[in-house]
2 protein chains.
Amino acid sequence: MTAPQPEPRPAVPGLDDVVEIRRSMPQASVERLPGYLRVLTELSSHGVTSASSQQLAELAGVGPAQLRKDLSHLGSHGRRGVGYDVDTLRERVQTALGLVVELPVAIVGAGNLGHALANYSGFGARGFTVVALLDASPALVGTEVAGVVVEDVARLAEVVRDLEVAIVVIATPGDQAQRVCDVVVGAGVREILNFAPRALHVPEGVELRSVDLGSELQILAFHSRERSGRPQV
Amino acid sequence: MTAPQPEPRPAVPGLDDVVEIRRSMPQASVERLPGYLRVLTELSSHGVTSASSQQLAELAGVGPAQLRKDLSHLGSHGRRGVGYDVDTLRERVQTALGLVVELPVAIVGAGNLGHALANYSGFGARGFTVVALLDASPALVGTEVAGVVVEDVARLAEVVRDLEVAIVVIATPGDQAQRVCDVVVGAGVREILNFAPRALHVPEGVELRSVDLGSELQILAFHSRERSGRPQV
DNA sequence: AACTGTGAATGACTTCACAGCC
DNA sequence: GGCTGTGAAGTCATTCACAGTT
């Protein structure tokens, strides 16, 4: 569940390739930051002010060396011999993740999943606001879900621009996903989260993440079989 | 969203380490198989009988070389100069994923998400049957959702054993997830899909995959900021 | 001529192990 | 003594490029 595109991150064609200013973080590290943030927020809310990489790693479910290296990409924020200041680090990670302001999210597809996502309280608690919910079904358009009136998907581009949507969640049936995706990209959105069971194609520069519930179960099924079944053919 | 455990797959301590019998597939390849299966099923239903790695890869959103290498782990099934037989390959991938029989799935947590998952039609279509739905709330226990009566979560171990559940989906609030997980593992289940926003700990030999909606959005937010925001600090 | 299957090359990520600091 | 930050080593994954097959 990741960007499935075979885009081999193009080398920077900059003039001055001597000085590498882009101190970019490895994708794998980025994907662990939300986990660290969760742990730090939890500790903070319990009044814990300091923690070692050992402790944080245990809670986040990773190795201590990995956590330290991940955090080192954000700069030095721990104190040798002591550990990390929980609140300072939390704020640092939060900033790195761009969660200083609430980001407006639109959900396309108000079926089972879209409905559940709109009601999911975790969004608000984690820095996002669902500002729009859209669907193609006339029966749903106009109804209110989670405090938001469902709009016609035909108004998608308009809504995205008017509300300055930063991230679009696609929760439509598979056969409509690519069409919706194209409209969304056309409207200028560059962060898309796809729940439809299809591989979507996006132009370079657009970040796409896909989560497919069926696939997750199938991956588990593979391991289940690997154990009890015969060792392939 | 992957197994977050820092378990460094222990080297086989076998007596005869000369002959490596375990021709196991790389985890990364396993994670792409469901995508290939989806593409093959779709082509098959459209009456397409043959396809090249080029075509399949395009549809699956990966590179052709990667697809060929992934498939090579299942043995040779393509024909040089020609391509792959869609139906043969589909069956082969399906078998590798252990989808020869319908696998019984239990969902713990009948809130927004659990509800949506139970109603998600994709499960049945992909080789799984939701045989049980459990919740802690007395208001929900006894009600019927998606043709299944909601059971009390206290009966979890019992239900898992009686119905021979192969995979458990955890869709509870975060603070109950680890407790539920422990019970599930205790009941003998070795494949768990977690949607609760927590890092769960499982003993070796249990396969755990975690999907956290909030984290997915935060990862997108990181890239959003990377673009428009200042280049860190 | 077209296309697969795969060793070899490259690249990415993780873990180790230890110097440096508190 | 305890713990971070990080180069170096090790592991795993992707891509290349071509020999082999139809």
Side-chain angles (χ1 to χ4, degrees), chain A residues 1-12 20 22-33 35-36 40 49-58 60-86 88-89 92-93 219, chain B residues 1-12 20 22-33 35-36 40 49-58 60-86 88-89 92-93 219:
Chain A
M1 15 285 107
T2 329
Q5 255 50 33
E7 291 160 12
R9 299 239 162 200
V12 183
E20 257 275 302
R22 270 260 169 237
R23 306 284 297 111
S24 196
M25 197 174 213
Q27 175 65 13
S29 295
V30 173
E31 296 185 355
R32 282 185 294 267
L33 288 186
Y36 301 155
L40 290 164
T49 60
S50 177
S52 66
S53 64
Q54 181 77 230
Q55 298 171 293
L56 293 174
E58 164 69 14
V62 302
Q66 182 160 85
L67 179 133
R68 288 202 302 277
K69 186 153 282 238
D70 286 343
L71 294 182
S72 78
H73 295 295
L74 302 176
S76 288
H77 291 279
R79 295 210 310 166
R80 297 180 192 227
V82 181
Y84 298 88
D85 180 83
V86 170
T88 306
L89 187 56
R92 186 68 194 84
V93 174
I219 294 164
Chain B
M1 327 344 85
T2 328
Q5 255 49 33
E7 291 160 15
R9 301 238 163 200
V12 183
E20 258 276 300
R22 269 261 168 237
R23 307 284 297 112
S24 195
M25 196 175 215
Q27 175 65 13
S29 295
V30 173
E31 297 185 355
R32 281 184 294 267
L33 288 185
Y36 302 154
L40 290 165
T49 61
S50 177
S52 67
S53 65
Q54 181 78 230
Q55 298 171 293
L56 294 174
E58 163 68 15
V62 303
Q66 182 159 87
L67 179 133
R68 288 203 302 278
K69 185 155 286 248
D70 286 343
L71 293 182
S72 77
H73 294 295
L74 302 177
S76 287
H77 292 278
R79 295 210 311 165
R80 297 180 191 231
V82 181
Y84 298 88
D85 179 82
V86 170
T88 307
L89 187 57
R92 186 66 193 85
V93 174
I219 294 164

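Computed from a prediction, not measured in an experiment: that's the story for all the values here. Proteins get letters first, then strands, A, B, ... in listed order; numbering begins at 1 in each.
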A.B. asks: Start at the 5' end of DNA chain D and walk down; is the nucleotide closest to B:D70 or to A:G81 reached first?
C.D. replies: A:G81
A.B. asks: Side chains of B:Q54 and B:E58 only: does a donor on one sit below 3.5 Å from an acceptor on the other?
C.D. replies: no
A.B. asks: At under 4.0 Å, does any side-chain N or O of A:Y84 touch on OP1 or OP2 of D:dG2?
C.D. replies: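 Checking A:Y84 against D:dG2: no side-chain N or O falls below 4.0 Å of OP1 or OP2.
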A.B. asks: Over how many whole Å does the gap from B:Q55 atom CD to C:dT4 atom C1' extend?
C.D. replies: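 That distance rounds to 14 Å.
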A.B. asks: Should A:H77 and A:D85 count as side-chain neighbours, where that means a heavy-atom distance under 4.5 Å?
C.D. replies: no
A.B. asks: Between B:Q66 (CD) and C:dG7 (P), how many Å, whole number?
C.D. replies: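 The distance from CD of B:Q66 to P of C:dG7 comes to 18 Å, rounded to the nearest Å.
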A.B. asks: Between D:dC3 atom P and A:E58 atom CD, what is the distance in whole Å?
C.D. replies: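 Result: 15 Å.
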A.B. asks: OP1 or OP2 of C:dT14 versus the side-chain N and O atoms of A:R32: is any pair under 4.0 Å?
C.D. replies: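 Looking at the OP1 and OP2 atoms of C:dT14, one of them is under 4.0 Å from a side-chain N or O of A:R32.
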A.B. asks: Within this structure, what is the CG-to-C1' distance between B:L89 and C:dC3, rounded to whole angstrom?
C.D. replies: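 Interatomic distance, CG of B:L89 to C1' of C:dC3: 15 Å.
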A.B. asks: With a 4.0 Å cut-off on heavy atoms, is B:R79 in touch with a base, just the backbone sugar-phosphate, or nothing at all?
C.D. replies: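 Counting heavy atoms under 4.0 Å across all strands, the contact made by B:R79 is with sugar-phosphate only.
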A.B. asks: To the nearest Å, give me how far apart CZ (A:R92) and C1' (D:dT4) are.
C.D. replies: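 Spelled out: CZ on A:R92 to C1' on D:dT4 is 17 Å.
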A.B. asks: A:R68 has a side chain; which of C:dC13, C:dA17, C:dG20 sits nearest to it?
C.D. replies: C:dA17
A.B. asks: Check whether any side-chain nitrogen or oxygen of A:S53 sits under 4.0 Å from OP1 or OP2 of D:dT4, and answer yes or no.
C.D. replies: yes
A.B. asks: Rounded to the Å, how far apart are A:L71 CG and D:dG5 C1'?
C.D. replies: 11 Å
A.B. asks: Do B:V86 and B:L40 pass the side chain to side chain contact (heavy atoms under 4.5 Å, CB included) test, and can you show the C-alpha distance, the side-chain angles, and the key distance before you say yes or no?
C.D. replies: CA-CA 6 Å; B:V86 170; B:L40 290 165; 4.2 Å; yes
A.B. asks: Can you figure out which of C:dC18, C:dA8, D:dC3 approaches the side chain of B:K69 most closely?
C.D. replies: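 Of the options given, the side chain of B:K69 lies nearest C:dA8.
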A.B. asks: Would you mind telling me which residue lines up with the more 5' stretch of DNA chain C, B:A51 or A:S29, judged by nearest nucleotide?
C.D. replies: B:A51
A.B. asks: Could you go step by step and tell me if A:L56 and A:Y36 meet the side chain to side chain contact (heavy atoms under 4.5 Å, CB included) rule?
C.D. replies: CA-CA 8 Å; A:L56 293 174; A:Y36 301 155; over 6 Å; no
A.B. asks: Let's see if you can work this out: which of C:dT4, C:dC13, D:dG5 has an atom nearest to the side-chain heavy atoms of B:R80?
C.D. replies: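 Nucleotide nearest to B:R80's side chain: C:dT4.
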A.B. asks: Distance check: side-chain N/O of B:S76 vs OP1/OP2 of C:dG5, anything under 4.0 Å?
C.D. replies: yes
A.B. asks: How long is the line joining CG of B:D85 and C1' of C:dT4, in whole Å?
C.D. replies: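 It works out to 15 Å between those atoms.
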A.B. asks: Find out whether A:L74 and A:L71 are in side-chain contact, i.e. whether some heavy atom of one side chain is under 4.5 Å from a heavy atom of the other.
C.D. replies: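 A side-chain contact under 4.5 Å exists here.
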A.B. asks: Report the distance from atom CG of B:L67 to atom P of D:dC16, rounded to the nearest whole Å.
C.D. replies: 15 Å
